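Each remark here refers to the structure printed beneath this line.
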Amino acid sequence: MADLRTECGIVVAKALNIFIKNKGLEAPEVEATSLLLETPPNPEMGDVGIPLFAFAKTLRMGPPVIASEVAKIIENELKDEASKVGSFAAVGPYVNAKLNKSAASSDILGKIQAQGDDYGSLNAQNEKPLAGKKVMLEFSSPNTNKPLHLGHLRNDALGESVSRILKKAGAEVFKVNIINNRGVHICKSMLAYIINHSGKPEYVTETGISPDFKFTLKDTPESLGVKSDRFVGDCYVEFEKLCKPNGCTEDEEKALRPKYEAIAQSMLVEWEKGNEEIRKLWQQMNDWAIGGIKETYQRTDVSFDKLYYESETYLKGKAEILKGLEDGLFYKEEDGSVWVDLAEIKLDKKVLLRKDGTALYMTQDIGTAIYRHSDWAFNQLVYVVGSEQQYHFKVLFYILKKLGYEWADQLYHLSYGMVNLPEGKMKSREGTVVDADDLINSLRDGALAEISEKGREEAVGNPAEVAEKIALGALHYYLLQTTPTKDMLFNPKESLSFNGNTGPYLQYMGARISSILRKTKETGLEPSYNAEDLATLKDGAEWELVKTLSDFPSVVEKAALALDSSVVATYLYEVAKGFSKFYHDCPIISIAEENPSLAKARLAIAQSVLQVLKNGLNLILVPFLETM
């Protein structure tokens with residue numbers, strides 16, 4: 001229908017130009033692409049509505065009058081051309097078109113069949129609003145002191161999904177990840193390891209790490225039977241317990257916390273100095289953390305084109321800050337720390353280098369951004385990061401522009417809201433964060449129980465594999481169905497429901513259609529895209545569903561331009577609901593003998609719905625299932 005909608009605009013534009021010429025008015029020629037193509041609120045009013053308010057001033061008459069005159073011209077002078085598209089009528093200030101259902105159905109369903117997995121791609125539609133645009137996306141950005149958690153899952157799902165949508169819309173996409181593998185938070189996990197797991201707690205003195213410190217490996221994730229990134233995360237929680245042991249009073253914590261915080265900071269200083277033994281411990285704990293995190297990426301179908309490491313980029317950032325200091329862009333405080341004055345963007349000031357010369361996140365991000373543009377000259381760099389970092393990115397973009405990097409204008413913060421569980425806010429250092437793997441395992445076990453309860457183990461083939469895919473479908477759909485900027489509450493039980501607006505419901509609908517196609521194939525009934533067979537489609541539910549399927553390319557475009565996966569999620573739910581109504585109102589198998597042409601045409605609709613569901617589910621990271 002996308003093409004027929006466009007044809008509606010062409011017909012109305014031609015009629016407008018004839019009207020202007022007949023009136024002898026001086027006005028620029030109307031381009032079809034300048035017209036708005038809307039969907040009337042009531043299907044009885046038409047399939048396409050074109051408002052004519054924009055021409056009232058130029059033509060010096062009311063929009064309803066213009067619409068009436070344009071409709072007359074279409075009826076009298078463009079009748080042959082218009083009839084191939086549909087029937088046109090003036091409805092107030094609109095010219096509405098009721099499309100030729102037979103031609104439209106043949107066009108839409110035939111296109112879906114021909115393009116298959118490419119349907120929805122704007123390249124396949126020869127419409128490329130993002131063609132030639134190089135978009136780099138940064139997402140995930142884990143710290144190597146803990147495993148991925150629920151917050152990361154929303155970030156990863158959003159980054160991966162938006163990447164796929166942008167590719168579908170014709171953009172060239174490059175996915176990157178900055179591994180935050182240095183900093184005082186890493187040193188806190190390292191300190192806890194020395195004290196609790198190295199067998200050499202004596203290396204930690206009252207004032208810091210002993211000069212005699214030697215890297216000693218005793219406890220390992222393997223020896224303790226713990227996933228490697230979880231083990232590092234446990235060490236981070238153990239640091240908190242060092243600062244606040246069980247039964248610790250407030251006064252005791254005030255004495256302990258500064259002590260351990262200072263030791264961790266001193267370890268960072270030693271790391272930046274290149275202390276060999278500190279670096280060995282750091283490398284080992286990084287290997288554990290990153291190894292476990294990569295396993296979770298593979299499990300959730302998230303991937304990257306390049307990984308950047310803070311340990312490799314922060315020095316570039318430091319060099320840029322020091323150069324900016326020399327050039328008078330920044331200033332130094334009496335304690336030796338380096339700052340930037342943000343009065344120009346109506347903010348206060350921001351520290352860029354600590355008094356001991358160590359770098360901060362801002363320093364690292366400056367260096368990383370410069371490396372990235374050098375590696376891949378993007379037209380846009382999108383940072384997928386939580387809304388609590390809006391200040392950070394406003395300052396980052398300002399500093400890069402101040403340093404003379406014109407491409408700083410092409411940086412964008414895709415901000416998303418917090419995600420929590422019904423139990424409340426999660427805190428990493430207190431160990432109340434829900435690890436990504438634990439959450440997925442819980443969802444998988446819930447899906448497996450549902451399969452067992454319904455006695456579907458044999459029907460689904462591999463229950464554990466299907467349950468895993470249902471879990472991922474439940475998780476990703478729930479995380480992506482909400483507009484990114486909104487905070488959200490993740491309810492695991494709701495996400496697993498097979499009814500309503502959920503991932504498993506969409507997966508079930510795909511499995512149901514797959515079952516219908518298998519059954520009809522056994523009877524010898526095949527879908528038909530023949531125009532004569534499709535001309536038998538008369539029911540309203542058939543037409544409404546066909547129109548919905550035709551919207552998929554425009555949905556992809558809208559989602560890509562807005563960087564919003566919820567646009568696709570919402571659309572797929574509408575497709576599933578539309579199919580449910582269609583299948584209820586329009587039987588297929590039971591009418592095959594009586595009216596084989598209609599059965600074949602309806603089967604073509606079912607097959608087309610299945611294709612659109614497959615294509616759309618891939619964009620929002622929901623695994624497609626042929627059986628459930």
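All residue numbers refer to positions in the sequence shown, counting from 1. Just so we're clear, the structure is a prediction, and the values are computed from it rather than from any experiment. Values reported hereafter were calculated over all heavy atoms of this structure, with side chains retained and with hydrogens, waters and symmetry mates removed.
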Kindly say whether S311 contributes a backbone atom to a donor-acceptor pair with the side chain of N181 at under 3.5 angstrom?
yes
Close side-chain approach of K214 and Y203, heavy atoms under 4.5 Å
yes
Check whether NZ of the Lys or CZ of the Arg [X] lies under 6.0 Å from the centre of the six-membered ring of [Y] and within 45 degrees of that ring's axis.
X    : Y    : answer
R372 : F378 : no
K454 : F498 : yes
R182 : Y314 : yes
K614 : F624 : yes

Please check if any side-chain donor atom of [X] sits under 3.5 Å from a side-chain acceptor atom of [Y], or the reverse.
X    : Y    : value
K227 : T296 : yes
E494 : T502 : no
H392 : D365 : yes
D251 : T249 : no
D156 : S140 : yes
E138 : N177 : no

In terms of heavy-atom contacts, does NZ of K259 have more than 12 from other residues, nucleotides or ligands at under 6.0 Å?
yes
Hey, is K167 close enough to E172 for a salt bridge, meaning N to O under 4.0 Å?
no
Can you tell me which residue among V232, D229, T144 is in a side-chain contact (heavy atoms from CB on, under 4.5 Å) with W288?
V232
